[in-house]
Student: 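Before we start, here is the structure in question, set down as structure tokens.
No hydrogens, no waters, no symmetry mates; every other heavy atom, side chains included, goes into these values. Along the sequence shown, residues are numbered consecutively beginning with 1. Ligands are counted one by one from 1 in listed order, and the atoms in each one are counted from 1 as well.
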Amino acid sequence: MFLWGTATAAYQIEGAVAEDGRGVSIWDTFSHEPGRTRDGHTGDTACDHYHRWREDVALMRDLGVNAYRFSISWPRVLPEGAGAVNAAGLGFYDRLVDALLEAGVQPVPTLFHWDLPQALQDRGGWFDRDVTGRFADYAALVAGRLADRVPLWITLNEPFVHMAYGHAMGLHAPGQALLVDALPVAHHQLLAHGLAVGALRAAGARQVAITNNCTPVWPASDSPEDLAAADAYDTLHNRLFNDPVLLGAYPDLSAYVPALDAVRDGDLEIISAPLDALGINYYNPTRIAAPDADGLPFSDAGVTGYPTTAFGWPVVPDGLRELLTGLKARYGEALPPIHITENGCSQPDVPGPDGTVDDQDRIAYLEGHIAAVRAAAEQGVDVRGYFAWSLLDNFEWAEGYHQRFGLVHVDFATGRRTPKASYAWFRDFLAKERG
Ligand code: FCB
């Protein structure tokens, strides 16, 4: 069965950050630091999903999706990151899983969507090799409770973005701006993923995947400098996270960084444990030129000539077909079946007098990208799922509540949910799919 779903993440929707024994995450700390997020927005309340989850499950039932990708908050389950379990936290996800199944929606949990327990950050976060074992313990704990009812697990969400935005550029939690010195964060996330694959399977998980953010890389020109920079970017954004998992080897990084000292004998065998699926998050292609002065081996030249979203991201549906066929060409038989675990757009979304949002741009975006998935499938790529980002408008990280990605509008003052035109469009589309 092809999975048609929506996707969310814990810190972006749950709120209730100090309730029922939840521990502190790095996003609580970061969003409360002055100047880190736009207008100082935090996830303290977000969509209040922790209290309104029944309403959100009903929205998905009425939408007609057969799957829902959400993330589990590590500090809600293990407030200190390891050790004492918060029964109320585990209980929340247990009830959510049951309610989803009752609504005909398969739960697809992600174990890490960037909200590291602050207690682990205080011990070095992803620079501390021990965090990898803690992650595997956490995976085993959650799967021990839920694996009997969960068909597909995702270990990490977008380790590239967590490394680059969180540790290289300082735009996301934990706010470190270390440029290429952030690379150990890639290795420790990947090792944590590999250890978690084993832990999940031992606890009875049926299917396991990782979600990578991938982008087709377009050189800004044919000059040798731009071509080399584009290759560097492709290596650091895409191959650094796909090659070790799918091929058991890192791409050659020697031109950009000193040796990756964090790698120990045996790590790559663990990282390349066979997977049942690869999750791909796609938003847009990237156009890359020769480096400027900021210390990185490339510069972002910006994609021009396409419509843009409210975020300013170029809308290039065919980039998704290009990406998927490119993955197939690079990895061949080593490429597992693919799920598009996120795809969507922020739009201005101004509600009309009756509170509804006529988001035709979002409908066009989704239609175009679903067509691109179909085109890739016709060209031989095995795609098994598509999850629209997002069910709800939510806390868009450093942008706070300024970027709305939802099929459902959220009034953040009241929590009121109002389905947009795109929700009705997706509902009708899914009804036709069911035949
Ligand atoms: C992805 C994130 C997701 C959301 C979208 C817009 O990089 O995984 O949480 O913020 O971008």
Side-chain angles (χ1 to χ4, degrees), residues 5-15 25-27 30-31 36-38 41-43 46-47 49 68-74 108-116 154-169 171-173 186 189 193 209-216 237-238 241 278-286 300 308-316 319-320 323 339-349 359 361-362 365-366 369 385-408 410 412 422:
T6 58
T8 64
Y11 189 73
Q12 296 181 274
I13 65 165
E14 285 181 1
S25 86
I26 57 172
W27 266 98
F30 181 81
S31 66
R36 293 297 205 177
T37 66
R38 209 166 141 194
H41 288 171
T42 74
C47 306
H49 170 79
Y68 172 47
R69 174 175 179 244
F70 59 100
S71 83
I72 292 176
S73 160
W74 186 348
V108 181
T110 300
L111 288 165
F112 181 68
H113 200 125
W114 307 347
D115 47 355
L116 193 77
I154 295 169
T155 54
L156 306 180
N157 178 68
E158 299 187 350
F160 167 76
V161 176
H162 191 53
M163 174 193 76
Y165 281 61
H167 301 80
M169 299 187 297
L171 302 171
H172 281 182
Q189 286 186 93
H193 154 78
I210 185 172
T211 280
N212 277 334
N213 178 298
C214 292
T215 181
H237 188 133
N238 298 314
F241 296 89
L278 176 66
I280 293 291
N281 292 355
Y282 169 79
Y283 289 93
N284 52 259
T286 310
D300 188 342
T308 52
T309 69
F311 224 138
W313 297 354
V315 178
V316 188
L320 180 51
L323 171 69
H339 287 272
I340 307 304
T341 40
E342 286 181 27
N343 176 241
C345 60
S346 67
Q347 295 294 348
D349 285 355
D359 54 341
D361 290 348
R362 181 170 291 104
Y365 184 101
L366 296 173
H369 286 77
Y386 176 91
F387 295 74
W389 183 272
S390 178
L391 174 67
L392 304 168
D393 292 339
N394 59 47
F395 175 78
E396 178 46 37
W397 310 114
E399 286 286 306
Y401 298 99
H402 291 289
Q403 304 295 342
R404 293 180 175 272
F405 278 87
L407 301 174
V408 175
V410 177
F412 293 107
S422 57

Student: Check side chain to side chain contact (heavy atoms under 4.5 Å, CB included) between A173 and all other residues, then give those that pass, not counting sequence neighbours.
Tutor: I26, W27, F30
Student: So, are R38 and E396 salt-bridged, with charged N and O less than 4.0 Å apart?
Tutor: no
Student: For ligand 1, which of its N or O atoms have a protein N or O partner closer than 3.5 Å, and how long is each gap?
Tutor:
unit_1: ligand 1; atom_1: 7 (O); unit_2: E158; atom_2: OE1; d: 2.6
unit_1: ligand 1; atom_1: 7 (O); unit_2: E158; atom_2: OE2; d: 3.0
unit_1: ligand 1; atom_1: 8 (O); unit_2: H113; atom_2: NE2; d: 3.3
unit_1: ligand 1; atom_1: 8 (O); unit_2: N157; atom_2: ND2; d: 3.0
unit_1: ligand 1; atom_1: 8 (O); unit_2: E158; atom_2: OE1; d: 3.3
unit_1: ligand 1; atom_1: 8 (O); unit_2: E158; atom_2: OE2; d: 3.4
unit_1: ligand 1; atom_1: 8 (O); unit_2: E342; atom_2: OE1; d: 3.1
unit_1: ligand 1; atom_1: 8 (O); unit_2: E342; atom_2: OE2; d: 3.0
unit_1: ligand 1; atom_1: 9 (O); unit_2: Q12; atom_2: OE1; d: 2.7
unit_1: ligand 1; atom_1: 9 (O); unit_2: H113; atom_2: NE2; d: 2.8
unit_1: ligand 1; atom_1: 9 (O); unit_2: W397; atom_2: NE1; d: 3.0
unit_1: ligand 1; atom_1: 10 (O); unit_2: Q12; atom_2: NE2; d: 3.4
unit_1: ligand 1; atom_1: 10 (O); unit_2: E396; atom_2: OE1; d: 2.7
unit_1: ligand 1; atom_1: 10 (O); unit_2: E396; atom_2: OE2; d: 3.2
unit_1: ligand 1; atom_1: 10 (O); unit_2: W397; atom_2: NE1; d: 2.9

Student: Taking the ring centre of each residue, are H162 and F112 less than 6.0 Å apart?
Tutor: yes
Student: I'd like to check the side chain to side chain donor-acceptor pair (under 3.5 Å) partners of D115; sequence neighbours left out, ordered by chain and number.
Tutor: none
Student: Considering residues at least two apart in sequence or located in another chain, which fulfil the side chain to side chain contact (heavy atoms under 4.5 Å, CB included) criterion with D361?
Tutor: Q347
Student: Is the H49-F70 ring centre distance short of 6.0 angstrom?
Tutor: no
